[in-house]
Student: 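My structure is below; once you've seen it, I'll send some questions.
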There are 2 protein chains.
Amino acid sequence: MVRIADVARMANVSTATVSRVISNTGTVKKETAEKVLEAIKKLNYQPNMLARQLRRSETETILVVVPDITNTFFSAVLRGIESVAIENGYQVLLGDARNNVDTETSYLTILGQKKADGLILLTARTDQKILEELSHDYPVVLACEYYEGTQLPTVSIDNVSSARKATEYLISLKHKRIGHISGPLNVVVGRDRCKGFHQAMAKHGLSVDPSLVQEGEFSFESGFNLMMKFLSLEEPPTAIFAGNDEMAMGAVKAAKSKGVRVPEDLSVVGFDDIKFASIFEPALTTIAQPTFDMGQKAMHLLLKIINDEELEKNQFILSDKLIVRNSCKELTIDG
Amino acid sequence: MVRIADVARMANVSTATVSRVISNTGTVKKETAEKVLEAIKKLNYQPNMLARQLRRSETETILVVVPDITNTFFSAVLRGIESVAIENGYQVLLGDARNNVDTETSYLTILGQKKADGLILLTARTDQKILEELSHDYPVVLACEYYEGTQLPTVSIDNVSSARKATEYLISLKHKRIGHISGPLNVVVGRDRCKGFHQAMAKHGLSVDPSLVQEGEFSFESGFNLMMKFLSLEEPPTAIFAGNDEMAMGAVKAAKSKGVRVPEDLSVVGFDDIKFASIFEPALTTIAQPTFDMGQKAMHLLLKIINDEELEKNQFILSDKLIVRNSCKELTIDG
DNA sequence: ATTTTTAATGTAATCGATTACAATAAATGT
DNA sequence: ACATTTATTGTAATCGATTACATTAAAAAT
């Protein structure tokens, strides 16, 4: 292992001078710097980052915890985070919570251990208190998911209004018997999208049949199963708002398996606009979240916190968009 | 920041003793250990990992470089890696090469900087020499992708024979005019799958029309575009073997857009068996790779190298499986 | 009771950089 | 020519743990 002392010896200078050359302080004479650079090259020297990080007490690494890395929605957000991180000399440590709260929480210790300078959470299922305390001591930013009534820096869309928008789209297509396959209600975005659904229904004077609201778990399978349940109802819904695209696809699949055509017999709208939403048949009408932008914004925020800069505000709501494709159709009397 | 010295002071012992308690050497008197533990709890002390790592020169972190994190094939492999990593007290640093060789290569410096104890590459596009040299100094394992004729520890499937298998399946369905949408030929798995395709054709005495072999780039779009090209041919293929599922889906979409039915008019087989392959319509016939197992195996190998254990061998070929679904059909005279 | 062995703890070196402070050399001013 | 300022370099402390080695205390052996 080549150390800074080896370089210093070869270049006939002190380690301090070598260090100055490396960190480009501009206080080293040109010829000296050249000697040092040459020695570095000759020895193929690379600074030991652990030593530097210990001394400077900074790692230039940030931790990102995602609920489920196999969901392309999150990997798209990750892309946004990574782009800004790399641009600013930061590396990304990934924690995949695998949809498990305890796994999620266990990643938080990494901050205390000084293995990362900051944290971006794409999932907010850990106890709110714990996280708020953590954020007193370390830079933390939430993205996509969030807590209610918190001062934690957050970037997300307004899930309630998006869900309302999605539901109202179905209402505008004359649907009245609209079902909702929600995400898990112990995660905010599941709750908020459910809330938006109810708001839209109420706003248009439509009653919600409790049996038409079922709690899924953001997976294809849960969407499939819950749709099956709906279909076995005496009076099945004519439209479904699903809490995310995977569940929407599951619902469509279930319908098809029962000979129910989408969109002719059943309209479905999803949420997230994942990569596959447009490939799916029928192409999914869904709410597109600005994944890349959210990632970028979250990382920019985190950088500000790390650098002790003032935040203009704590909650950033980015705008989503209803993408109309082919999974919905206006309701006609005979169906 | 609470340091080990603070704990030592409070417990009225030396830092050495505290350290011994933390690392559980078993050489500390029970009552002393209790005092220390109490102090740790009271101060909410967490060891500074940077300091420990510097001293022990190990990070308990491994680096995984993937070519494209938004491809669920790779996130599935990552899951396997992570599971073994966590089990063994290792953390995973993720590098997303975003399909760019330079980005991929740039991640390799992390090893020299001592920020990770080892490396698993899910992409092998960096210059082979560079990597082989790197592997003399640091633990490196390749998974999924690999180099030809190398001693680098590798875990993968036999892409040539899998591709042969896939192609022979089409041949068994009486197809003769079979096209291949290959992956990029500058990546091994692209080349090997192409090779397997040719081998199968040759073995059954079928000639390969050069215009029926086109190089894609593993993306939906490239699959779509190249299929369009095939369809505009005077005599289009009756079957397609695509280098991965995303391209296969692109091909199917292109066919459908031209009124060509799959599988009735065109048979398509993919590769990888990603999450959506079974959801796609028609459900994709494809080669399933043992993603989770490959990830686990790769991490197990890496651990052995890190712990200086002997490797029974360097190349591990795991078995794949042809999953027959609904995207292929026997060729009939009239189509 | 004294020596030997073992157990428990402490002191200080160490990991490999960075950087405050000190020292020297060169440049500028008078 | 000497004082002052500025540029360049070096010395040694520091980051916060771990651990080799030294020391002391307790237990076992004679």
Side-chain angles (χ1 to χ4, degrees), chain A residues 1-40 43-61 89 109-117 137-138, chain B residues 1-37 39-40 43-61 89 109-117 137:
Chain A
M1 220 244 152
V2 186
R3 274 144 37 261
I4 197 170
D6 304 321
V7 176
R9 200 173 311 117
M10 175 175 254
N12 237 296
V13 295
S14 72
T15 61
T17 300
V18 176
S19 179
R20 287 185 191 107
V21 172
I22 292 167
S23 9
N24 235 310
T25 57
T27 57
V28 178
K29 201 169 27 163
K30 213 170 150 203
E31 299 108 74
T32 318
E34 272 162 15
K35 269 197 309 185
V36 172
L37 256 10
E38 200 180 327
I40 288 178
L43 292 169
N44 193 19
Y45 167 73
Q46 265 196 296
N48 183 318
M49 286 300 160
L50 290 178
R52 169 183 296 177
Q53 289 168 6
L54 172 59
R55 179 59 223 246
R56 293 202 176 148
S57 61
E58 62 179 28
T59 62
E60 316 247 274
T61 299
T109 56
I110 290 181
L111 282 178
Q113 294 170 170
K114 307 288 166 201
K115 293 184 77 165
D117 297 344
D137 300 332
Y138 305 100
Chain B
M1 219 244 152
V2 185
R3 272 143 39 258
I4 197 170
D6 302 321
V7 176
R9 200 171 313 118
M10 175 174 251
N12 236 297
V13 296
S14 72
T15 61
T17 301
V18 176
S19 179
R20 288 185 191 107
V21 172
I22 292 168
S23 13
N24 236 310
T25 57
T27 57
V28 178
K29 203 174 17 166
K30 211 171 151 204
E31 299 108 75
T32 318
E34 271 162 15
K35 268 196 308 181
V36 171
L37 256 10
I40 287 178
L43 292 170
N44 194 20
Y45 167 73
Q46 265 197 297
N48 181 317
M49 286 298 159
L50 291 178
R52 170 183 297 178
Q53 290 167 4
L54 172 61
R55 179 60 223 245
R56 300 228 251 235
S57 63
E58 62 179 28
T59 62
E60 315 247 274
T61 300
T109 57
I110 290 181
L111 283 177
Q113 294 170 169
K114 307 290 168 202
K115 292 184 78 164
D117 297 345
D137 301 331

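Naming: A, B, ... by sequence-line order, numbering from 1 per chain. Computed from a predicted model, the values in this text were never measured in an experiment.
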Student: Expected output is a numbered-order residue list: members of residues 21-36 of chain A with a heavy atom under 4.0 Å from any atom of DNA chain D. What is it?
Tutor: Thr27(A), Val28(A), Lys29(A), Thr32(A)

Student: Are side-chain heavy atoms of Asp137(B) and Leu111(B) found at a separation under 4.5 Å?
Tutor: no

Student: Taking five pairs at each end, how big is the angle between the two axes of the helix from dA1(C)-dT30(D) to dT30(C)-dA1(D), to 10°?
Tutor: 50°

Student: Can you name the residues that form a side-chain contact (heavy atoms from CB on, under 4.5 Å) with Thr109(B), not counting sequence neighbours?
Tutor: Gln46(A), Gln113(B)

Student: If a pair satisfies salt bridge (Lys or Arg N to Asp or Glu O under 4.0 Å) and one of its residues is in residues 7-32 of chain A, list it, with sequence neighbours excluded.
Tutor: Asp6(A)-Arg9(A)

Student: Using whole Å, what does the distance between atom P of nucleotide dG16(C) and atom CD of Gln113(B) come to?
Tutor: 16 Å

Student: About how many Å separate NZ of Lys114(B) and CG of Asn48(A), when rounded to the nearest 0.5 Å?
Tutor: 7.0 Å

Student: Partners of Glu34(A) by salt bridge (charged side-chain N to carboxylate O under 4.0 Å, His left out), sequence neighbours excluded?
Tutor: none

Student: Nearest 0.5 Å please: distance from the CG atom of Leu37(A) over to the OG1 atom of Thr32(A).
Tutor: 11.5 Å

Student: Under a 4.5 Å cut-off applied to non-hydrogen side-chain atoms, are Val2(A) and Asn44(A) in contact?
Tutor: no

Student: Check the distance between dT9(D)'s C1' and Arg9(A)'s CZ and give it to me in whole angstrom.
Tutor: 18 Å

Student: Would you say Thr17(A) reaches dG10(D)'s phosphate, i.e. side-chain N/O to OP1/OP2 under 4.0 Å?
Tutor: yes

Student: List the residues meeting side-chain hydrogen bond (donor to acceptor under 3.5 Å, both in side chains) with Thr27(B), not counting sequence neighbours, and say none if there are none.
Tutor: Thr25(B)

Student: Could you state the atom-to-atom distance from CG of Leu50(A) to C1' of dT18(C) in whole Å?
Tutor: 14 Å

Student: Of all the nucleotides listed (dA12(D), dG10(C), dT18(D)), which has the minimum atom distance to the side chain of Ser14(B)?
Tutor: dG10(C)

Student: At what distance, to the nearest 0.5 angstrom, does CD1 of Ile4(B) lie from CD1 of Ile40(B)?
Tutor: 7.5 Å

Student: Just how far, in rounded Å, is P of dT9(C) from CG of Asn12(B)?
Tutor: 12 Å

Student: Show me the donor-acceptor pairs within less than 3.5 Å that the side chains of residues 53-61 of chain A make with the rest of the protein, sequence neighbours left out.
Tutor:
{"from": "Gln53(A)", "atom 1": "NE2", "to": "Thr59(A)", "atom 2": "O", "distance (Å)": "3.2"}
{"from": "Thr59(A)", "atom 1": "OG1", "to": "Thr61(A)", "atom 2": "N", "distance (Å)": "3.2"}
{"from": "Thr59(A)", "atom 1": "OG1", "to": "Thr61(A)", "atom 2": "O", "distance (Å)": "3.4"}
{"from": "Thr59(A)", "atom 1": "OG1", "to": "Asp117(A)", "atom 2": "N", "distance (Å)": "3.3"}
{"from": "Thr59(A)", "atom 1": "OG1", "to": "Asp117(A)", "atom 2": "OD1", "distance (Å)": "2.7"}
{"from": "Thr61(A)", "atom 1": "OG1", "to": "Thr59(A)", "atom 2": "O", "distance (Å)": "3.1"}
{"from": "Thr61(A)", "atom 1": "OG1", "to": "Lys115(B)", "atom 2": "NZ", "distance (Å)": "3.2"}

Student: Output the rounded distance in Å from CD (Gln53(A)) to C1' (dA17(C)).
Tutor: 11 Å

Student: In whole Å, what is the span from the CD1 atom of Ile4(B) to the P atom of dT19(D)?
Tutor: 11 Å

Student: Return the value, rounded to whole Å, for the distance between atom CE of Met49(A) and atom P of dA17(C).
Tutor: 10 Å

Student: Anything under 3.5 Å between a protein N or O and an N or O of nucleotides 13-15 of chain D, put it in a table, one pair a line.
Tutor:
{"from": "dT14(D)", "atom 1": "O2", "to": "Arg55(A)", "atom 2": "NH1", "distance (Å)": "2.8"}

Student: Taking C-beta and beyond as the side chain, do Val36(A) and Val28(A) meet within less than 4.5 Å on heavy atoms?
Tutor: no

Student: Quick one: is Tyr45(B) getting a side-chain N or O under 4.0 Å of the dA17(D) phosphate, OP1 or OP2?
Tutor: yes

